[in-house]
Amino acid sequence: MNILRRMNAVAALPQTPRADAYSDIPTLDQVSAEYAELKQRYDAINRQLLEIFQRACAVAESIRQGGSDTQTVRPNALRVATILGEDPPTTPSSRTADMLRDLDAQERDLKDALHLLTSRVSDLRMTASAAIREEVAPLHHQKVNRICVILLDLYEACADYEDFGDALNAREVAWSALNPMFPSFCRPGDRYSVVAHYLKEAAAKGFVRKSDLPERIFR
């Protein structure tokens, strides 16, 4: 495929604006109602977990600032009071402790539910994704092919520039004042350059014909 043919191929591709250019690609929710429902439950549980975390932080801050109705009592405080014949110290109120235990229990239950939902949501996501992939596969192929077409044009432009430089060097022209600009990412003589690697991989995956690539890419 020569440069003119490639330029015509690029020009023939539809030029769509970036904003909302792919609004017709369905979402996972649109493809799978079951996925949409489970994803809503999944997100709701995550919001509940965040709320519990925030409440637990508030209780912890209250304790830190001494606003809790609990006070620390040494394990042997009751025995010492008995020896001294004094009234035992007041045992801490369990209200805050009960609150923390309740929050902890809620968190465990929600995390268990989330664990079960995660695998279900993942399976449904993969199923819905497969349906979308099948729909967009032709467009994806076109997009990658377009990149290859442009890179092939770039490759030949770089090769021509190197020939130009070689011609000046062969004539012993001192041309560094022109500020030579050899792109390191696309040196036609380098089969391991970024552009060469991309084109070879694209050809191997069927996005462009191997016969359309310059022979020197494979040398």
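Values reported hereafter were calculated over all heavy atoms of this structure, with side chains retained and with hydrogens, waters and symmetry mates removed. Position 1 is the first residue of the sequence; numbering continues from there.
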ask   = Short question: side chain of N145, backbone of F207 - any donor-acceptor pair under 3.5 Å?
value = yes
remark   = When every non-hydrogen atom of L28 is compared with those of A128, the smallest separation belongs to CD2-CB, 3.7 Å
inquiry  = Quick check: is V208 connected to L154 through a chain of hydrophobic side chains (ILVMFWY, heavy atoms under 4.5 Å apart)?
reply    = yes
Counting only pairs under 3.5 Å, give me each side-chain donor-acceptor contact of residues 34-42, with atom names and distances, residues two or more places apart or in other chains.
{"from": "K39", "atom 1": "NZ", "to": "D43", "atom 2": "OD1", "distance (Å)": "3.0"}
{"from": "K39", "atom 1": "NZ", "to": "D43", "atom 2": "OD2", "distance (Å)": "3.2"}

Separation between CZ of R55 and CG of L100, rounded to the nearest 0.5 Å = 10.5 Å
query = Okay, side chain of H141, backbone of G206: is any donor-acceptor separation there less than 3.5 Å?
reply = yes
query = How long is the span from the CZ atom in R133 to the NE2 atom in H140, to the nearest 0.5 Å?
reply = 11.5 Å
task = With salt bridge (Lys or Arg N to Asp or Glu O under 4.0 Å) as the test, would you mind laying out the steps for R101 and D104 before giving the verdict?
result = CA-CA 5 Å; R101 279 194 294 269; D104 184 61; over 6 Å; no
task = Verify the neighbour count for atom CZ of F218: are there more than 12 heavy atoms of other residues, nucleotides or ligands below 6.0 Å?
result = yes
remark   = Residue pairs passing the side chain to side chain donor-acceptor pair (under 3.5 Å) test with at least one member in residues 114-131, sequence neighbours excluded, are none
ask   = Are L50 and L103 co-members of a hydrophobic cluster defined by side-chain heavy atoms under 4.5 Å apart?
value = no
ask   = Are L116 and L110 connected in the hydrophobic side-chain network, where two residues link if heavy atoms are under 4.5 Å apart?
value = no
task = Answer yes or no: is there an ion pair linking E107 with K111, defined by an N-O contact shorter than 4.0 Å?
result = yes
inquiry  = Which heavy atom of P183 sits nearest to which heavy atom of C158, and what is that distance?
reply    = CG-SG, 3.4 Å
task = Give the minimum heavy-atom separation between L199 and L152, together with the two atoms involved.
result = CD1-CD2, 3.8 Å
key: Side-chain heavy atoms of Y22 within contact of L139, under 4.5 Å   = yes
inquiry  = What's the separation between atom SG in C148 and atom CG in L213, rounded to the nearest 0.5 Å?
reply    = 7.5 Å
ask   = If you take all heavy atoms of I45 and L114, which pair is closest and at what distance?
value = CG2-CD1, 3.8 Å
request  = Tell me, please, which residues at least two apart from E215 pass salt bridge (Lys or Arg N to Asp or Glu O under 4.0 Å).
outcome  = R219
inquiry  = By the side chain to side chain donor-acceptor pair (under 3.5 Å) test, which pairs, at least two apart or in different chains, include something from residues 192-203?
reply    = E201-K205
request  = Search all heavy atoms of R191 against all heavy atoms of R216 and return the closest pair with its distance.
outcome  = CB-O, 4.2 Å
query = Among pairs that include at least one residue of residues 144-163, which meet ring pair (Phe, Tyr, Trp, His ring centres under 6.0 Å), considering only residues two or more places apart or in two chains?
reply = Y161-F182
request  = Please report the closest heavy-atom contact between I132 and P26, naming both atoms and the distance.
outcome  = CD1-O, 3.4 Å
key: Pairs touching residues 171-190 that satisfy side chain to side chain donor-acceptor pair (under 3.5 Å), sequence neighbours left out   = E162-R187, N169-W175
